[in-house]
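Input: a single structure, listed below in structure tokens.
Source: prediction; values computed, not measured. Atom set for the values below is all heavy atoms of this structure, side chains included, hydrogens, waters and symmetry mates excluded. Counting begins at 1 with the first residue of the sequence.
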Amino acid sequence: MKDTIRLILALTLIASIAALILSQVESVTREPIKEQRRIQMLKAISAVLPAYDNSPDTDSVSLQNGVNKKGKPVLLTFYRGRKNGELTGTAFKVIATDGYSGNIEIMVGLNPQDSLNGIEILNHSETPGLGARIVEPAFKNQFKGKSLKNADWRVKKDGGQFDQITGATISPRAVVKAVKAGLEFYRAHKAAVLATQGGTQ
């Protein structure tokens, strides 16, 4: 009986010390991790927007874009780039949920004429050498200059305008579909996106 109590006390002490250490590590790394995520996001925004001299992450507006499976609001955040106070472009992230191996996160950048300045693949789990080639410039560059007015938003295999990747149509099709959906949301909410004051609606 004494051995059992001694063992319980020892395990409790070890668990308490481990929890304390993890808590301290989390508190020390929280801000650096947050800053690294901010840097990565700004890098992605910079890749898809025309030149700007402000901080788009502090000049943003978030709009509700439906609800998730738990009924919680899904927010879509728009980052506005400006130069000398004038809008140079708007960036936002969309997620293709129908990739071959899971979600594909895409940063989309628009110029003030509502044409794509570029896209950047932020995260994916597509097959190396096949679907993963959506990160290559040859695939991404075909989106430049495209808009809802001047493109057929389907891959060529489906009769559209966008080159699919040989042997991996699912991934390009998912990207094209997600970018188009993002453009349609932007068009429907453009006034709110470009409103002077940022915030959440």
Let me see the working for Lys72 and Val67 under side chain to side chain contact (heavy atoms under 4.5 Å, CB included), right down to the final yes or no. CA-CA 5 Å; Lys72 294 183 178 179; Val67 296; over 6 Å; no
Set of residues satisfying ring-ring contact (aromatic ring centres under 6.0 Å, His included) with respect to [X], sequence neighbours excluded:
X: His124; value: none
X: Tyr79; value: none
X: Tyr186; value: none

Compute whether any side-chain donor of one residue and acceptor of the other, for Ser62 and Thr77, lie under 3.5 angstrom apart.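 Distance-only check passes for Ser62 and Thr77.
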Is there side-chain contact between [X] and [Y], with heavy atoms separated by less than 4.5 Å?
X: Met107; Y: Phe92; result: no
X: Leu116; Y: Val108; result: yes
X: Ser101; Y: Thr127; result: yes

[Y] reachable from [X] in the ILVMFWY side-chain graph, under 4.5 Å edges:
X: Ile165; Y: Tyr100; value: no
X: Ile95; Y: Leu75; value: no
X: Val179; Y: Leu49; value: no

Working for side chain to side chain contact (heavy atoms under 4.5 Å, CB included), residues Val94 and Phe185: CA-CA 10 Å; Val94 295; Phe185 185 88; over 6 Å; no
Are the side chain of [X] and the backbone N or O of [Y] linked by a donor-acceptor pair below 3.5 Å?
X: Asp163; Y: Ala138; result: no
X: Asn68; Y: Lys70; result: yes
X: Asn111; Y: Asn117; result: no

Please list all pairs passing the side chain to side chain donor-acceptor pair (under 3.5 Å) test where one or both residues lie in residues 16-28, with sequence neighbours left out. Glu26-Arg30
Is the count of non-hydrogen atoms from other residues, nucleotides or ligands lying under 6.0 Å from Lys93 atom NZ greater than 12?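 Counting other residues, nucleotides and ligands, NZ of Lys93 stays at 12 neighbours or fewer.
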So that I can tick it off, tell me whether Lys190 and Asp114 are bridged by a salt bridge, with the cut-off set at under 4.0 angstrom between side-chain N and carboxylate O. yes
Flag the pair Phe162 / Phe143 as yes when their ring centroid distance falls below 6.0 Å, and as no otherwise.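 They qualify: ring centres under 6.0 Å apart.
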With Val176, the side-chain contact (heavy atoms from CB on, under 4.5 Å) member among Val155, Asp158, Asp152: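 The single option meeting the side-chain contact (heavy atoms from CB on, under 4.5 Å) with Val176 is Val155.
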For a quick test of your reading: what N or O donor-acceptor pairs under 3.5 Å do the side chains of residues 34-45 make, sequence neighbours left out?
residue	atom	partner	partner atom	Å
Glu35	OE2	Arg38	NH1	3.4
Arg38	NE	Asp57	OD2	2.6

Report the C-alpha distance between Ile119 and Val175 in whole Å, list the side-chain angles of each, state the deciding distance to 0.1 Å, and finish with yes or no for side chain to side chain contact (heavy atoms under 4.5 Å, CB included). CA-CA 10 Å; Ile119 69 166; Val175 173; 4.1 Å; yes
How long is the span from the CD1 atom in Ile121 to the CD1 atom in Ile134, to the nearest 0.5 Å?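 The distance works out to 4.5 Å.
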Just jot down the side-chain contact (heavy atoms from CB on, under 4.5 Å) partners of Asp53, sequence neighbours excluded, or say none.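 In terms of side-chain contact (heavy atoms from CB on, under 4.5 Å), with neighbours along the sequence ignored, Asp53 is linked to Lys83, Asn84.
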